[in-house]
Asks: 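My questions all concern the structure below.
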Amino acid sequence: MWKGKSKAIISDFEDIHRIITYRHLLSQNLGVKDPLRVVALCDSDAFYAACEQVRLGLDPALPLVVQQWDSLIAVNYPARKYGITRMEKISEAKRKCPELVVVHVATYKEGEAEPSYWENPDTLTHKVSLDHYRRESMKIIQMFKDGLPTAEIEKASIDEAFIDFTRPVRDEILKRYPYLAQVPPDAPNGLDSPLPPPPPICWDNLGTVIPAHPNEEQLDGSSTTEPQEDVGASETGAVDGDDSSTTWHDVALSVAAEFMMNVRHEVYAKLGYTLSAGIARNKFLAKLTASYKKPNNQSVLRDVAIPNYLTPMPFQKIRFLGGKLGKALAQEYDVSTVGDLLTISLDEMQRKFGENSIWVYEILRGIDRSEVKEKSAVNKSMLASKNLLHPVTKPSQGHHWIRVLAAELALRLNEARENIPALWPKTIVLHVRHGYDSSRSKQAAFPFTRNVTVDVIAAAGDKLWKELVGTDSSRSTPISITSVQLSFTGIELAETGQRNIEGFLKARPPVSGDQSSAAAGSTKRKRDEREFSEPPFVQLAAEDVREDVKVSETSARVETSFVCKRCGKRVALSDVDASAEDAIARDMLAALRMEHEDFHFAQELAGQSEDVSAPRKIRPSDTPVTKRKVPKVKEGIARFFTQR
DNA sequence: GGCCCCTAG
DNA sequence: GGCTAGGGGCC
């Protein structure tokens, strides 16, 4: 029906045949409209597997997989030669390749300070940790930034980044071809005159150039095999027979390819990771181009090659069309390739799929206006989750997993704070999945605390848990919880009173009862190692876990209040909180103590005398999830400081 | 701001 | 399939 249109009509891709003028070249800020725009997508090959191979100092040629419980989460290329894929059982993979190197991903274990590599982690007691990969990822991104100081770099995921080469490439072109900097006096239209013909391009060692006309005979001599391990490559990155098709945009692509090649080599030399890259005129094409040839390769998509590259492409391979939208398109028109969809008019598409489908319409024609923009160095959210093979059936069993997840979040947040001390997660969210389908979540404001401990996080998590699933006594019907997720969202720099906050975070709080060290001047003291590296799990050890089971009438009631050594006041949990189960009440009291100390400390930093006002009962973590007015961000922080 | 859904690696 | 992350819609 819609099929049969096998050949793209060149006019569908008109946008790519723009004449490049002096004005284009000499303008600095044309943004996504820049006809010389060059974007790359660079990703790491089988990243998790590569991380383990590098970490263990193994030969990269060995077949290696990363295991997570019974399945695989990464398969390196040597292992793929045996037909091993992800989504496969370990036993199956080993059968296919007996000498397979199998590395289990690092896990946290109860009672341990940090994640580590265990022989036989137990899914009942461990949770996996991807920390090592996150750190390695940051190293690679940092090398991109160092090696390409004028390029825009956007980390797109743990193993890939977009790089906008437009600026460095323009600079380089002007350097190599200085005559372009001046509009010749005899140019017919001044700045709007076309640039002179571009020089011929030698694509050797710049990667694989995707042929413009794949069916035609290709030239020899422009072979573009990789210098690194890619000896077997027979790809001939043939340029079209006649050089007349070469444009200045091709020159730009070739310069970018040169830069990309250099950076990839640097990363390999310094970190040991092989990368694949795609270089094209925009993000979407760069992404599609990167997959042209892997691993350890880079490919270049010239503008002339766009129509024939795109037309036969199954559109569900395109970013954002891989899901429901792509499926809906395929079903609506009973088609599968980009070429098939080119016959659908914009009107038609918008009628069926809404205004926004202009985006799809353009993408199919190689147009993508999205910008490469640097993401802030810090993640906006932090999630720790655990699927439960043995579903939780009683609300009281939740506390244990909340603690485990809280411990991971504490570790990760404090690690992030080593670089950026004023990092503050504004909200904490608990997701709980019941059975297979339904999943619900609750969130609450997270207190701004100097020392984010497991206790503080777990106390907040417990509260959310109570609202989400209730308590043993409040529930008569059995439950079946198959997954628990605890996350921070809205992680940002605490922006108000920056200096105060810095001081607040850096200095060690006065130890209760230790009056001598209570002076605010103690900031000069070396940062106590314990402040950030105190293993959150230490407190989660045996007695705490045991506490879960021995909630009996006979055991003495846990403390629900404490007397502050500094102000002499008794600070108590609210009645509701105090009535919680022991283990939970304990967390909440610990959190309260933390906040109370913060209060004193902040007061001192602000230079107040101690006796002016006894700290009121501070209860940020007490903030209910709904209804009650949550204080504005600034007030939240400002509460800790008096104005000067 | 709170909660849900979609997408992707 | 498990563990993350980001963005958008809707009230």
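Here is the naming used below: chain letters follow the sequence lines, and residue numbers restart at 1 for every chain.
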Asks: Just the rounded figure in Å: distance from C1' of B:dG9 to CZ of A:Phe320.
Replies: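 After rounding, the reported distance stands at 12 Å.
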Asks: Rounded to whole Å, how long is the line connecting atom CD of A:Gln316 with atom C1' of B:dC6?
Replies: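 One finds 15 Å between C1' of B:dC6 and CD of A:Gln316, rounded.
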Asks: For ring-ring contact (aromatic ring centres under 6.0 Å, His included), just list the numbers for A:Trp359 and A:Phe320, CA-CA rounded to whole Å, side-chain angles, deciding distance to a tenth of an Å, and then say yes or no.
Replies: CA-CA 11 Å; A:Trp359 177 84; A:Phe320 303 126; 5.7 Å; yes
Asks: When you check every protein heavy atom under 4.0 Å of nucleotides 1-11 of chain C, what one-letter string (B, S, -) results, 5' to 3'?
Replies: BBSBSSS----
Asks: Can a side chain N or O of A:Ser441 be found less than 4.0 Å away from OP1 or OP2 on B:dG2?
Replies: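 So the side-chain polar atoms of A:Ser441 never come under 4.0 Å of the phosphate oxygens OP1 or OP2 of B:dG2.
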Asks: B:dA8 P sits how many Å from A:Lys324 NZ, rounded?
Replies: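 So the NZ-P distance, A:Lys324 to B:dA8, works out to 12 Å.
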Asks: For the pair made of CZ in A:Phe488 and C1' in B:dG2, what is the distance, rounded to whole Å?
Replies: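 Between C1' of B:dG2 and CZ of A:Phe488: 18 Å.
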Asks: Ignoring hydrogens and angles, state whether a donor on the side chain of A:Asp131 or A:Tyr108 is under 3.5 Å from an acceptor on the partner side chain.
Replies: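 The answer is yes; a qualifying pair exists.
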Asks: Write down the distance between NZ (A:Lys426) and P (B:dC3), rounded to a whole number of angstrom.
Replies: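 Taking NZ of A:Lys426 and P of B:dC3, I get 18 Å after rounding.
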Asks: Indicate yes or no for a side-chain donor-acceptor contact from A:Trp69 to the backbone of A:Thr123 under 3.5 Å, with no hydrogens or angles considered.
Replies: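 It does not hold such a pair.
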Asks: Among all residues two or more places apart in sequence or in another chain, which pass the side chain to side chain contact (heavy atoms under 4.5 Å, CB included) test with A:Asp43?
Replies: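 Applying side chain to side chain contact (heavy atoms under 4.5 Å, CB included) to A:Asp43 gives A:Leu41, A:Asp45, A:Glu160, A:Ser276, A:Lys294.
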Asks: Would you say the side-chain atoms of A:Glu154 pair up with the backbone N or O of A:Lys373, donor to acceptor, closer than 3.5 Å?
Replies: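 Indeed, once roles are kept as given, a pair shorter than 3.5 Å links the two residues.
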Asks: Over how many whole Å does the gap from A:Leu321 atom CG to B:dG9 atom C1' extend?
Replies: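 Taking atom C1' of B:dG9 as the reference, CG of A:Leu321 is at 17 Å.
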Asks: By salt bridge (charged side-chain N to carboxylate O under 4.0 Å, His left out), which residues pair with A:Arg95, not counting sequence neighbours?
Replies: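 Result, salt bridge (charged side-chain N to carboxylate O under 4.0 Å, His left out) vs A:Arg95: A:Glu92.
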Asks: Distance check: side-chain N/O of A:Lys287 vs OP1/OP2 of B:dG9, anything under 4.0 Å?
Replies: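 Affirmative; the distance criterion is met.
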Asks: For A:Leu288 and B:dG9, what is the distance between atoms CG and P respectively, to the nearest whole Å?
Replies: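 Checked: the CG to P distance equals 11 Å.
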Asks: When we call it a touch if two heavy atoms are under 4.0 Å apart, what does A:Ile491 touch: a base, just sugar-phosphate, or nothing?
Replies: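 Counting heavy atoms under 4.0 Å across all strands, no contact is made by A:Ile491.
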